[in-house]
Amino acid sequence: MNYAATLAVVVMLAFMFPVSVRLAAQLGVPEALTASVLGAVVIFTLAAYGVRWQVNRHSARLALLAQAREQVQADPENPRAYFVNGEHLGAMLLRLGRRREAAEVIDRYARLGGARESEIVALQEALGTAERRQRRAREAAAKKQAGQAPPRS
């Protein structure tokens with residue numbers, strides 16, 4: 001789930017809290033009021049921790065990405081410089097949605113003399129999967145704009 005979706009959930013919960021309190025007051029059930037207040041507090045707390053967790057996870061990914069880029073800049077001819085904590089720079093970029101940049105890194109890595117063929121193949125397959133996923137999403141958006149239903153997967 002991305003940040004926009006997370007924030008949309010928090011906004012929805014913020015809207016539902018007063019609605020549920022008003023509904024409980026109209027029904028005259030004080031337990032419902034107490035339960036909805038407690039539920040809203042719990043949900044807001046969970047949402048806040050969820051957002052914080054996602055931000056911290058994204059920051060950690062960006063820190064690893066920066067570390068991998070520094071390693072590659074320091075020694076671009078060393079195939080091991082493309083790895084941080086056992087993860088390839090190209091895979092990190094793909095996970096962050098930076099397909100073009102990942103393709104360039106994978107191509108550079110494939111041209112190195114000490115690069116393993118199995119790693120190159122795995123990275124190229126991951127890149128191909130990301131490209132197919134993006135192409136399907138583009139086609140579905142174009143069909144949706146044209147008024148057709150998106151294809152089922």
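Values below: all heavy atoms of this structure, side chains included; hydrogens, waters and symmetry mates excluded. Since the model is a prediction, treat every value here as computed from it, not as a measurement.
Across P76 and L112, no two heavy atoms sit closer than the pair O-CD2, 3.6 Å. Of all heavy-atom pairs between I120 and A110, the closest is CD1-CA, 3.6 Å. Residues A130 and L94 share a closest heavy-atom pair of CB-CD2, 3.9 Å. Residues Q71 and A81 come closest through the heavy atom pair NE2-O, 3.0 Å. For the residue pair I106 and G90, the shortest heavy atom distance occurs at CG1-CA, 4.3 Å. Listed here is the closest heavy atom pair of L93 and A102: CB-CB, 3.7 Å.
Remark: T129 OG1 to Q124 CD distance equals 12.0 Å, nearest 0.5 Å. With values rounded to the nearest 0.5 angstrom, L65 atom CG is found 9.5 Å from H58 atom NE2.
Y49 and L46 are members of different hydrophobic clusters when ILVMFWY side chains are connected at heavy-atom separations under 4.5 Å. Note on L64 and W53: separate hydrophobic clusters, where clusters join Ile, Leu, Val, Met, Phe, Trp and Tyr whose side-chain heavy atoms are under 4.5 Å apart, directly or indirectly. Linking ILVMFWY residues whenever their side-chain heavy atoms come closer than 4.5 Å, directly or via other members, leaves I43 and V11 in distinct clusters. V121 and M92 are members of different hydrophobic clusters when ILVMFWY side chains are connected at heavy-atom separations under 4.5 Å.
Side chains of E101 and R69 form a contact here, defined as non-hydrogen atoms less than 4.5 Å apart. Between V105 and R108, some side-chain heavy-atom pair lies under the 4.5 Å cut-off. Using a 4.5 Å heavy-atom threshold, the side chains of L89 and V84 count as separate.
Between Y82 and H88, the angle of the ring planes stays under 30°, which puts this pair in the parallel group of the 30/60° scheme.
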Checklist line | Test side-chain contact (heavy atoms from CB on, under 4.5 Å) applied to Y109 and F83, step by step | finding: CA-CA 11 Å; Y109 180 73; F83 288 87; 3.4 Å; yes

Next item on the list: Could you walk me through whether R138 and K143 pass side-chain contact (heavy atoms from CB on, under 4.5 Å), step by step?
Entry: CA-CA 9 Å; R138 239 184 284 136; K143 285 183 181 180; over 6 Å; no

Next item on the list: Take E77 and R111 through the salt bridge (charged side-chain N to carboxylate O under 4.0 Å, His left out) test and state the conclusion after the steps.
Entry: CA-CA 10 Å; E77 298 302 317; R111 285 186 294 238; over 6 Å; no

Next item on the list: Would you check, one step at a time, whether the test salt bridge (charged side-chain N to carboxylate O under 4.0 Å, His left out) holds for R80 with E119?
Entry: CA-CA 11 Å; R80 296 294 110 201; E119 293 169 346; 3.1 Å; yes

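A salt bridge is absent between R98 and E104: the closest approach of a Lys/Arg side-chain nitrogen to an acidic carboxylate oxygen does not fall below 4.0 angstrom.
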